[in-house]
J.: 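Could you have a look at this structure, given as structure tokens, before my questions?
To find a chain, count down the sequence lines: A is the first, B the second, and so on, and within it residues start at 1.
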Amino acid sequence: MGLCNARDPETHIQKRITKQQRLYSNGDTLIPVSGRDTCIDPDLYESVFDASGDGLVLADRTSTIIRANRRFLRMTRYGQTEVEGVMQWSQITGGGDLAALAVTGTAPAIREMRLQRKDGSFIDAAVTVRTIPDRGLFIVSILDITGKKQVAQALHRRDVILEAISTMAGRFLAAPAWEEEIVRALRSLCTATEVHRVYLFENITDPETGETLMKGRYEWDREGHGGEITTPWLKGLSYQKAGVGEWEIDLRAGKTVFASISDAEETEKQNMEALGVQSVVIVPIHVGGRWWGFIGFDETRQGRHWTEVEIDTLGAAAGIIGSAIHRQETEEAMLAYITESALRLKNPVALLRENIESIYDDIREGSVPKEEILAQIRVQIAAAGQIAENLRELNASIAEGRREIPEAFRIFLRR
Amino acid sequence: MSVLGITPGSPRIVLLLSAAHSARESNLSVVREVMAEGIGVVVVTANQPAHPLAGYYRKNGINTTGIRFIDMVTKYAGGDAPPDMPESVFLSRPDDLTGLSIAITEILKDPVDQNTCVLVDSINAMLIYLSSADILKFIHYLASKLKILGISGVFIVVESGIDPSLLSRLTAITDSVIDTATTKGTETRQA
């Protein structure tokens, strides 16, 4: 092979032995290399071993790691001297030796397992262990699939959340009032997202200052407690005073807020610490284009990773709740319109009719002075004018609040 | 027979339900019965102008000397305050509840007015000019004020013209409800 021929044979042999010792020594014996191997520069072996995109480990029959490549060291965050010749495979897997994992045939057996890093954190890995026949050595190939597993978990969690949302949407549609279904909906979301607590807050306006306040309405927690929020101080809490003034800006703009105790601002962090919360996701609820409030998800466990997919899904949940509230508000507005129309249009017209009949009777009897008849007629004309004005006002009030009414109709209703 | 149960020294707040076709007669019956008890009447009228109404009373044999009017509609309809009704008040606009409150306060400030009944004719007519919410607040205010002063009040309602929610709220405000349309003067509730 070209590589062999290009070098001084003696130097090459010596170097090869040194490398072979590093690569293939099992302590006592040098392992013979095949004729094909002798033609490859050991530097190349070293380079290929170290440059592999997968973690590679060579271990002896006692599962002691005698060689580990750079990728493996980066993956596990150990130094080379902490691994080679001193570390047992079982130390990073929490038990078990390589012999039990090894495949003797040609087909590789890939196993998924969790490996513990030096700092105590874990990686998900696809591990293949092969034996080197007659050498008592194992070659272990380790592929980091942590990201892939997280994506799979996130997708699974998204599916679970979507299923909860789907059920929730159906129930909201069937319920006469969203308040009747909201606790059950929060419970489903709490279970689906596996968070500690889910809660719903509505915005109210401070009658004196005009400031937007948050008012706790309903909640549910993992322990199975929940219902209407009755805590007095949560019935009108200022965003500013709660240390989350920035939330108000973001939520009003339709942005979801994510906060983790590790990078929260001081006042926000104090709040989270007081509540024992590690991370929180706050999703705004908009009703008919106006910011109505928010739904919050508190996580008390450390290291909860929220993916964009999950957060988007929570946005869908907030959308469903917003739609249910909007539908109910629309129905209530329509009922109020019909009632007010009856009170201020239909019934006054009936009253007008009765009054005109009385005037007619007075005229027919001829006993009421003309001036008084005229005064009565003037009042009824004024009343008729007012009734027409009432109709215009009622139509305008409906048109103002309904974005779905086309502009041309809106103008017509306001005339 | 006393339908309202209003007597001197026994003030009551009554919601009088009337049929649409007999609202004017119901008004007349209240005035007649209250005056028969020796009680003066303050008529708050949003349905008919005060002058023709006074003529209607006289035509039906009632001495209008003891009757004062707070007229919410004459001026609004372009008319003037009649010179022969100096003790009555004519408001500029029927939706001016502040003006109405002041007028009622002014007209009741004399201690002799303790022996008085305020008749509001009618809540239905007021609904032409005011929202149900505003009317409810005003009636609540007026009923409370009359109770404090020990003065009777009668609010005429054309029953078919009021929605159940507003009717139940008005019922809660008053001492009793009398349905002249269906029971011919039988009291349906005693607070």
J.: Output, in order, the C-alpha distance, side-chain angles, deciding distance and verdict of salt bridge (Lys or Arg N to Asp or Glu O under 4.0 Å) for B:R24 and A:D362.
T.: CA-CA 12 Å; B:R24 195 159 71 154; A:D362 289 344; 3.3 Å; yes

J.: For A:K235, I'd like to know if atom NZ has over 12 heavy atoms of other residues, nucleotides or ligands within 6.0 Å.
T.: yes

J.: More than 12 non-hydrogen atoms from neighbouring residues, nucleotides or ligands closer than 6.0 Å to CD on A:E246, yes or no?
T.: no

J.: Tell me whether the count of non-hydrogen atoms from other residues, nucleotides or ligands lying under 6.0 Å of CZ in A:R392 goes above 12.
T.: yes

J.: What residue in B:G55, B:G79, B:S132, B:A46 has the most heavy-atom pairs under 4.5 Å with chain A?
T.: B:S132

J.: So for B:L166, is it side chain, backbone, both, or neither that comes closer than 4.5 Å to the heavy atoms of chain A?
T.: side chain

J.: Could you look at B:N47 and say if it's the side chain, the backbone, both or neither that has a heavy atom under 4.5 Å from chain A?
T.: both

J.: Output the option from B:P82, B:P52, B:S122 having the highest count of non-hydrogen pairs under 4.5 Å with chain A.
T.: B:P52

J.: Provide the closest heavy-atom pair for A:P348 versus B:I128 in the form atom of the first, atom of the second, distance.
T.: CB-CG1, 3.3 Å

J.: Do B:H51 and A:Q376 touch side chain to side chain, with heavy atoms closer than 4.5 Å?
T.: no

J.: Any side-chain donor paired with an acceptor under 3.5 Å for B:Y56 and A:E372?
T.: no

J.: Quick one: closest heavy-atom pair of A:S367 and B:K59, and the distance?
T.: OG-NZ, 3.5 Å

J.: What part of B:A125 lies closer than 4.5 angstrom to a heavy atom of chain A: side chain, backbone, both or neither?
T.: both

J.: Give a yes or no on this: more than 12 heavy atoms of other residues, nucleotides or ligands lie within 6.0 Å of atom CZ of A:R327.
T.: yes

J.: Counting heavy-atom pairs under 4.5 Å to chain B, which of A:R378, A:R353, A:E389 comes out on top?
T.: A:R378

J.: Given that the side chain runs from C-beta out, which part of B:S131 has a heavy atom under 4.5 Å from chain A: side chain, backbone, both or neither?
T.: both

J.: Please look at A:E393 and chain B and tell me whether the side chain, the backbone, both or neither of the residue comes under 4.5 angstrom of a heavy atom of that chain.
T.: neither

J.: Quick one: pull up CG in A:L352 and CG in B:N124 and give me the separation to the nearest 0.5 Å.
T.: 12.5 Å

J.: Side-chain contact, heavy-atom cut-off 4.5 Å: B:V158 with A:N347?
T.: no

J.: Please state whether the side chain, the backbone, both or neither of A:L351 comes within less than 4.5 Å of a heavy atom of chain B.
T.: side chain

J.: Side chain from CB out, backbone as N, CA, C, O: work out which of these in A:A375 comes under 4.5 Å of a heavy atom of chain B, or both, or neither.
T.: both

